[in-house]
S.K.: 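Quick one: this structure, given as structure tokens, is what I'll be asking you about.
Quick caveat: nothing in here was measured; it's all calculated off a predicted structure.
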Amino acid sequence: MSKTNTIITIGRQFGSGGKEIGQKLAEEFGIKFYDAEMLDRASKESGLCKEIFESHDEKPTNSFLYSLVMDTYSFGYSSGTFTDMPLNHKIFLAQFDAIKKIAEEGPCVLVGRCADYALESYDNLLSVFIHADIESRTKRIARDFQLTDSKAKEMILKTDKKRASYYNYYTNKKWGDAASYHYCFCSSKLGIDGTVEAIKDVIRIREQNMNAKIW
């Protein structure tokens, strides 16, 4: 089994296989995998029910609430303040706090939820974005959800729009833009296993460079 000290965050287009790639990476390295599990963790640690996090998952809020949340998150908050916060504030803070606590526990794979932004100050972070051509994504979603191609494509466009809106809103970066991540990979060109191997190669080279103190 390979070993790594790297925290891997995965942004992904819907239907690109990002979750499967993340699961395979976690299995290869023997580290924990978090996708919706991040919501479970945030729910348990905040005391808010899981359904609340699921209903707000990767959905942006209005700009006024966002500005208040960012002020609170940047300057710290007391337990009393947290109790008095509107629900959207609590969800935002609880999820980001959960992501940071997960990262403190060691190397892992985290999918979506702006994890790359929450952990951007970590030296051992590797952020990747997985994309694929629309044809292969449509085929995957139609198969997985038993949809027609037209319905699958409609689902893809809506989901990607939601993810982009959420990411662009809560970060200072642009979803899917190469400049927002360390590396971008096309799973329809490399295949799922090929993408996993490519990411493993990047991590191996990166960690060699870090050990040589030239990264």
S.K.: Which heavy-atom pair separates P107 from I31 by the least distance, and what is that distance?
M.R.: O-CB, 3.5 Å
S.K.: Show the numbers, then the answer: is there a side chain to side chain contact (heavy atoms under 4.5 Å, CB included) between K32 and V109?
M.R.: CA-CA 6 Å; K32 291 184 178 179; V109 178; over 6 Å; no
S.K.: Does E197 pair with K200 as a salt bridge, N-O distance under 4.0 Å?
M.R.: yes
S.K.: I199 pairs by side chain to side chain contact (heavy atoms under 4.5 Å, CB included) with which of V196, D201, T195?
M.R.: T195
S.K.: Hey, could you give me the CD/CZ distance between Q13 and R163, rounded to the nearest 0.5 Å?
M.R.: 9.5 Å
S.K.: Are any non-hydrogen side-chain atoms of L126 and T9 less than 4.5 angstrom apart?
M.R.: no
S.K.: Is V128 reachable from L25 through a run of hydrophobic residues whose side-chain heavy atoms are each under 4.5 Å from the next?
M.R.: yes
S.K.: Sub-3.5 Å donor-acceptor pair from the side chain of T171 to the main-chain atoms of Y167, do we have one?
M.R.: yes
S.K.: Do any N or O atoms from the side chain of T159 and from the backbone of I156 form a donor-acceptor pair under 3.5 angstrom?
M.R.: no
S.K.: In Å, rounded to the nearest 0.5 Å, how long is the span from CZ of F14 to CD1 of I130?
M.R.: 15.5 Å
S.K.: With side chain to side chain contact (heavy atoms under 4.5 Å, CB included) as the criterion, how do I203 and E207 come out once you've worked through the C-alpha distance, each side chain's angles and the decisive distance to 0.1 Å?
M.R.: CA-CA 6 Å; I203 291 171; E207 291 186 346; 3.8 Å; yes
S.K.: Is a side-chain donor-acceptor pair under 3.5 Å present for S136 with D133?
M.R.: yes
S.K.: With rounding to the nearest 0.5 angstrom, report the CG to CG distance, N5 to N124.
M.R.: 7.5 Å
S.K.: Answer yes if W175 and I10 sit in the same cluster of Ile, Leu, Val, Met, Phe, Trp and Tyr residues linked by side chain heavy atoms under 4.5 Å apart, and no otherwise.
M.R.: no
S.K.: Are Y169 and Y117 grouped together when hydrophobic residues (ILVMFWY) are joined by side-chain heavy atoms under 4.5 angstrom apart?
M.R.: yes
S.K.: Would you indicate whether E105, at its atom CD, is surrounded by more than 12 heavy atoms from other residues, nucleotides or ligands within a distance under 6.0 Å?
M.R.: yes
S.K.: Roughly how far, to the nearest 0.5 Å, is the CD atom of E154 from the OG1 atom of T138?
M.R.: 11.5 Å
S.K.: Counting distance only, does the side-chain N/O of D116 pair as donor-acceptor with the main-chain N or O of S127 below 3.5 Å?
M.R.: no
S.K.: Between the side chains of E20 and R12, is the shortest nitrogen-to-carboxylate-oxygen separation below 4.0 Å, so that they form an ion pair?
M.R.: no
S.K.: To the nearest 0.5 Å, how far apart are CG in D35 and CE in M38?
M.R.: 6.0 Å
S.K.: For the pair K173 (side chain) and N168 (backbone), establish whether a donor and an acceptor sit closer than 3.5 Å, ignoring hydrogens and angles.
M.R.: no
S.K.: Going from SG on C114 to CZ on F96, what distance comes out if it is rounded to the nearest 0.5 angstrom?
M.R.: 5.0 Å
S.K.: Which heavy atom of T148 sits nearest to which heavy atom of A142, and what is that distance?
M.R.: O-CB, 4.3 Å
S.K.: Are Y170 and Q95 linked by a side-chain donor-acceptor pair shorter than 3.5 Å?
M.R.: no
S.K.: What verdict does the side chain to side chain contact (heavy atoms under 4.5 Å, CB included) test give for E104 and Y122, after you've listed the backbone C-alpha separation in whole Å, the side-chain angles of each residue and the deciding distance to 0.1 Å?
M.R.: CA-CA 10 Å; E104 291 295 334; Y122 285 61; 2.8 Å; yes
S.K.: Any sub-3.5 Å donor-acceptor pair from T6's side-chain atoms to I8's backbone N or O?
M.R.: no
S.K.: For the hydrophobic clusters of this structure (ILVMFWY residues joined by side-chain heavy atoms under 4.5 Å, transitively), does one cluster hold both I7 and Y34?
M.R.: yes
S.K.: If only atom types and distance count, is the side chain of R137 paired as donor or acceptor with the main-chain N or O of A132 below 3.5 Å?
M.R.: yes
S.K.: Are V202 and I192 linked, directly or through intermediate hydrophobic residues, by side-chain heavy-atom contacts shorter than 4.5 Å (ILVMFWY only)?
M.R.: yes
S.K.: Over 60° means perpendicular and under 30° means parallel, so tell me whether Y181 and F129 are parallel, tilted or perpendicular.
M.R.: tilted
S.K.: Using a 3.5 Å distance criterion without hydrogens, assess whether the side chain of S180 forms a donor-acceptor pair with backbone atoms of K174.
M.R.: yes
S.K.: Can you name the nearest heavy-atom pair linking L119 to K100, along with the distance?
M.R.: CD2-CA, 4.0 Å
S.K.: Are E37 and R41 close enough for a salt bridge, meaning some N to O gap below 4.0 Å?
M.R.: no
S.K.: Is there a side chain to side chain contact (heavy atoms under 4.5 Å, CB included) between H131 and S16 once you walk through the steps?
M.R.: CA-CA 5 Å; H131 61 101; S16 65; 5.6 Å; no
S.K.: Quick one: closest heavy-atom pair of R140 and G15, and the distance?
M.R.: CD-O, 3.0 Å
